[in-house]
Number of protein chains: 2
Amino acid sequence: MGTALQKTIHQLKSENREFFHMALSVDCVILGFDENELKVLLIKSDLEEFSDQWSLLGDLVRPDENLDSASYRVLKERTGLDDVFLEQVYTFGDVNRHPAGRVITTAWYSLINIKDHQMSLAHNELHWHPVSEITTLAFDHKKILDTCLHQLQSKIDEHPIVFNLLPEKFSLRELQSLYESIHGTKLDRRNFRKKFFLMDWLIDVNELEQDVPHRPGKLYRFNADRFSDGKKVKLQEHA
Amino acid sequence: MGTALQKTIHQLKSENREFFHMALSVDCVILGFDENELKVLLIKSDLEEFSDQWSLLGDLVRPDENLDSASYRVLKERTGLDDVFLEQVYTFGDVNRHPAGRVITTAWYSLINIKDHQMSLAHNELHWHPVSEITTLAFDHKKILDTCLHQLQSKIDEHPIVFNLLPEKFSLRELQSLYESIHGTKLDRRNFRKKFFLMDWLIDVNELEQDVPHRPGKLYRFNADRFSDGKKVKLQEHA
DNA sequence: TTGGTATTGTGTATGGCTTACACATTATAT
DNA sequence: ATATAATGTGTAAGCCATACACAATACCAA
């Protein structure tokens, strides 16, 4: 009982096998947090026939580049950023998922700080969309987006990754409202603050919010030194 | 700024692009629990040059089959099983990960009940190996195995999937020892039992263990009706 | 300058869950 | 019959999660 993997690709090609009517792509779910909303960076569909639909940012993987390099390349080409949080989520490989042919795609999500990088994507067809308002996307991209968001929800309860979405200095309200918009819940303000101070993840930078029409909150930055993989971020369940 | 995804595969092929020197495979980490140990099903490497090394069970994805269908096919071809737990974990795509050429692989893990299916894999080069004794595997398969095991560890704390590894009727000791061998920890027996009874996930089938050289334990089966996605299985952390 | 407004900053009591821990019981084997 | 080896069971202590209210502060408008 043999499998195709027993042969080299050159052997397969000389046998005229059909394995090479496929292509592999990466798609990036690039998330940002702005105006108290979680937003995703979308582009008018790459394909002309789908040009009225928004799609994720993706490209084919090149034969000479690693899979993760491909996703970093897409991110860099589209946003100018390279030192950002990027994580693989899932690979989608249904036969008819893409109109251009058999394209299997690996989805990645990236968390970036919109405020500090707003200028970089002034060019071309890119726009930030509130994720809560997205009902349809091109191809199977809505499903990909949902999968990434679901993974993000699990992940933020285990690891302190939300700080990638915030500016270097942020208020506790911003932090709480970020957790709330990712989880779609309301949290108790006092317990939220207590929790984060107890975990010792925040450093008081001795500054106050500016330009707010009310009492300004203190600003903090993330205490990366304090991060240990064992600690959990679990917050309240309901409320 | 265009990407290769803007073109159909036929356009790309007529341009003689290099995207088609790649192939896509699936690799299955098939796990079982036997003699109080977690075991993985391995095969003598598919490639002759690596025939002294063990490898995971995999094959190329066919052009006309979905990605998940490919992993189910591999499982069915190798073990005869089809109604089993199988879940995608991660896609590995380093340029030089496979000696046969550019092969990107999607890893899956499967949880099966060895005892009830022992006969099916009498044929060929397959063998169960205790995962704790595995130090090297062919290609990057050790890395793939480790990734799957790590994912399994996280997963069993959130979802009641370990039952897939047990026979229909099992003792509490078997269940506890399964958790212990996946997590590599020791758990308190009384608290473990209390926890599971409290969650109401076990049904007493009014039978006792057979052929044990000591007082036999009661047998239970998993109460699938009681399963709600919200419940967590979190056990003690240390001990 | 004053009063109104909106949001920040703070503590405590309750209940539930987690943990640590010991001894009598039961089937088997000699 | 006796020794052996594992099963089956309960309670107390501490920690964590939750619910909840009021004073302080900065801005704004009159």
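Within every chain, numbering begins at 1; the chains are lettered A, B, ... in the order of the sequence lines, protein sequences first and strands thereafter.
- Judged purely by atom type and a 3.5 angstrom limit, B:Gln88 has no side-chain atom pairing as donor or acceptor with the backbone of B:Asp68.
- Note: CD (B:Glu209) to P (C:dT28) measures 11 Å, nearest angstrom.
- Using cut-offs of 30° and 60° for the angle between ring planes, the A:Trp54 and A:His127 rings count as perpendicular.
- Annotation for B:Lys169: atom NZ does not count as buried by contact number, only 12 or fewer foreign heavy atoms lying within 6.0 Å.
- A donor-acceptor pair is defined here as one N or O able to donate and one able to accept, closer than 3.5 Å; such a pair exists between the side chain of B:Asn164 and the backbone of B:Ile161.
- The side chain of B:Arg215 lies closest to C:dT25, out of C:dA6, C:dA27, C:dT25.
- Of the two residues contacting DNA chain C, namely A:Leu208 and A:Pro213, the nearest-nucleotide position lying further toward the 5' end is that of A:Pro213.
- Protein atom CZ of A:Phe170 is 15 Å distant from nucleotide atom P of C:dT8, rounded to whole Å.
- With rounding to whole Å, B:Leu198 atom CG is found 8 Å from C:dC17 atom P.
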Without placing hydrogens or testing angles, list every side-chain donor-acceptor pair under 3.5 Å for residues 212-222 of chain A, not counting sequence neighbours.
{"unit_1": "A:Lys218", "atom_1": "NZ", "unit_2": "A:Asp204", "atom_2": "OD2", "d": "3.2"}

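- Legend: residues meeting side chain to side chain contact (heavy atoms under 4.5 Å, CB included) with B:Glu37, ordered by chain and number and at least two apart, are B:Lys39, B:Pro130, B:Ser132, B:Glu133.
- Between A:Pro216 and B:His214, it is B:His214 whose nearest contact on DNA chain D lies nearer the 5' terminus.
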What are the atom names and distances for every N/O pair under 3.5 Å that joins the protein to nucleotides 10-13 of chain C?
{"unit_1": "C:dT12", "atom_1": "O4", "unit_2": "A:Lys194", "atom_2": "NZ", "d": "2.9"}

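- The nearest whole Å value for the distance from the NZ atom in A:Lys195 to the C1' atom in D:dT18 is 11 Å.
- Separating the CE atom of B:Met199 from the P atom of C:dC17 is a distance of 12 Å, rounded to the nearest angstrom.
- Distance, B:Leu175 CG to D:dT7 C1': 15 Å, rounded to whole Å.
- Distance A:Phe192 CZ to C:dG9 P: 13 Å, rounded to the nearest Å.
- The environment of A:Glu168 atom CD is sparse: at most 12 non-hydrogen atoms of other residues, nucleotides or ligands sit within 6.0 angstrom.
- Protein atom CD of A:Glu207 is 20 Å distant from nucleotide atom P of D:dT25, rounded to whole Å.
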